[in-house]
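Each chain gets a letter, A, B and so on, in the order the sequences are listed, and its residues count up from 1. Source: prediction; values computed, not measured.
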Number of protein chains: 2
Amino acid sequence: MAVKERIRVGGRSARIQAAVHDAVRELSAEIDRAELTVPLIAARAGVTPSTIYRRWGDLSELLGDVAVERLRPVAEPLDTGSTAGDLEAWVVQYMEEMSSAVGRAMLRDVLINISEGNACQCANFTYEQLQMIADRAAHRGEVPFDVDDLVDRVIGPIMYHVLFGHGELTPDYCRMLLARVPELKGGADVQSARGEAS
Amino acid sequence: MAVKERIRVGGRSARIQAAVHDAVRELSAEIDRAELTVPLIAARAGVTPSTIYRRWGDLSELLGDVAVERLRPVAEPLDTGSTAGDLEAWVVQYMEEMSSAVGRAMLRDVLINISEGNACQCANFTYEQLQMIADRAAHRGEVPFDVDDLVDRVIGPIMYHVLFGHGELTPDYCRMLLARVPELKGGADVQSARGEAS
DNA sequence: GCCTTAACGCAAAGAATTTGCGTTAAGGCC
DNA sequence: GGCCTTAACGCAAATTCTTTGCGTTAAGGC
């Protein structure tokens, strides 16, 4: 079935879900988080509050649902020609997205519902993107990096600083972390892992 | 029921805060998180709901407040005689506390209020504990590790796995991360940083 | 085109949150 | 020590949010 622009033609259910998601995105940009309520979202979306309560349970689950969608990657990682370049571009953009105000808000919404697999799903997005870069490296004949290892060395520290607000987050910091990945040490003239930030 | 031994003698305010905190801790252990409401906590603490609303604003801020107190270290890091031993003991315990159900719940409560400095305060607890171990290392004449570097290499990855639910969390994993800290490579027969988990 | 059923709208009931106002007690001052 | 000022609390009414029963709509199968 041909997918139209915004409103999914087939199904009242899908149409309402899209309207509610849109309402959340619009209102999130307009008003403060504490002011956001289910009745307000329902009014903007043109549905009754009970529809939202029955479908999502409560506000936090709805916000988590919307946040996962917004954190879903929209494209493949940029191909810069080299694995080091691909990783640097991707990681710096990841850092900037996550450390922005809207990024932090979405992370919070995703982490609120522990029972839901929201956070795990977002981690999967990251793994998939990094795996694409690793696969591309293998295709080029370069030695591919281990995705789990890169998450430990680069993604984990970045996310820690984003969530717990410690330390500076700069592209240089990202490069310093990337310089510690063993598979990337062959080509460039990166310093040893005794890296110093800024 | 709510026996009040630990009442802070000076001040109604402090007494009420202690009663409310106790009520939150008791109820958190008894009922599910979704069932926890301000009126319920107020009844257990023997205060009126409006007192809690005026003092903490809403439930999430109260829970964050309580969670920070519960995440505050109660003692200095265990002194095992060596820096490597101190770090291994501390990090493994940190991992076990944070990855437990109650630990995850407290982390969630702490991360919910971005505007509050709760998360930053918890990160400070970690820094202070690690700095104590580093100072002890210097006192022994060992080369002290850099706390920021250890947070990047060990704490960040652990917290990522705790929050985003990816990968296994075992003492061996903690040791593998610790083996990557350059200052700890001198004494032990640890592998190089090409570390592989279990 | 008809049938079954999941999902929605509406409205009333129930629960939580906010707010005005009187009261209590902590801390400063004499 | 007693008095005074004021921040914090208790109470209850008003408001807002959440839940729920029931009738209605429309998606998907035949």
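- Using Watson-Crick or G-U wobble geometry with both donor-acceptor distances under 3.5 Å, C/dC30 finds its partner in D/dG1.
- Base-pair partner of D/dG10: C/dC21 (Watson-Crick or G-U wobble, both distances under 3.5 Å).
- Looking at heavy-atom distances under 4.0 Å, B/Arg54 makes contact with a base.
- Proximity of A/Leu40 to A/Ile31: side-chain heavy atoms (C-beta onward) are separated by under 4.5 Å at one or more points.
- Taking the six-membered ring where tryptophan is involved, the planes of B/His161 and B/Tyr173 are perpendicular, since the angle between them exceeds 60° and thus also 30°.
- Between B/Ile52 atom CD1 and D/dC11 atom P the separation is 13 Å, expressed in whole Å.
- Residue B/Ile16 is the one, among A/Asp58 and B/Ile16, whose nearest nucleotide of DNA chain D lies closer to the 5' end (criterion: closest heavy atom).
- Between the CD atom of B/Gln17 and the C1' atom of D/dC9 there is a distance of 15 Å, rounded to whole Å.
- Summarising the geometry, the separation between CG on A/Leu40 and P on D/dT16 is reported as 12 Å, rounded to the nearest angstrom.
- Taking for each of B/Glu35 and B/Ser13 the nucleotide of DNA chain C with the nearest heavy atom, the 5'-most of the two is the partner of B/Glu35.
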- Query: What do the steps show when you test A/Asp109 against A/Arg70 for salt bridge (Lys or Arg N to Asp or Glu O under 4.0 Å), and what is the final call?
  - Reply: CA-CA 11 Å; A/Asp109 292 339; A/Arg70 296 185 75 175; over 6 Å; no
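- The side chain of A/Pro39 approaches D/dC17 more closely than any other nucleotide in the set D/dC11, D/dT20, D/dC17.
- Atom-to-atom, CG of A/Leu59 to C1' of C/dA16 comes out at 15 Å; the value is rounded to the nearest Å.
- Using a 4.0 Å cut-off between a side-chain N of Lys or Arg and a carboxylate O of Asp or Glu, B/Glu30 and B/Arg44 qualify as a salt bridge.
- Counting atom types as modelled, A/Ser50 pairs no side-chain N or O with a base atom of C/dC8 as donor and acceptor under 3.5 Å.
- Here C/dA7 presents its P atom at 15 Å from CZ of A/Arg15, a figure rounded to the nearest Å.
- D/dG29 is paired with C/dC2 under the Watson-Crick or G-U wobble criterion, all donor-acceptor distances under 3.5 Å.
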- Checking side-chain hydrogen bond (donor to acceptor under 3.5 Å, both in side chains) for the pair A/Asp172/A/Thr170: CA distance, chi angles, key distance, verdict? CA-CA 5 Å; A/Asp172 274 344; A/Thr170 63; 5.3 Å; no
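- For a distance-only test at 3.5 Å, the side chain of A/Arg12 qualifies as a donor-acceptor partner of the base of D/dT25.
- For B/Thr48, no side-chain nitrogen or oxygen approaches OP1 or OP2 of D/dC9 to under 4.0 Å.
- In this entry the distance linking CH2 of A/Trp56 with P of D/dT19 reads 15 Å, nearest Å.
- Distance CG (A/Leu36) to P (D/dT16): 17 Å, rounded to an integer number of Å.
- Contact annotation: B/Thr37 side-chain N/O to C/dA16 OP1/OP2 distance is under 4.0 Å.
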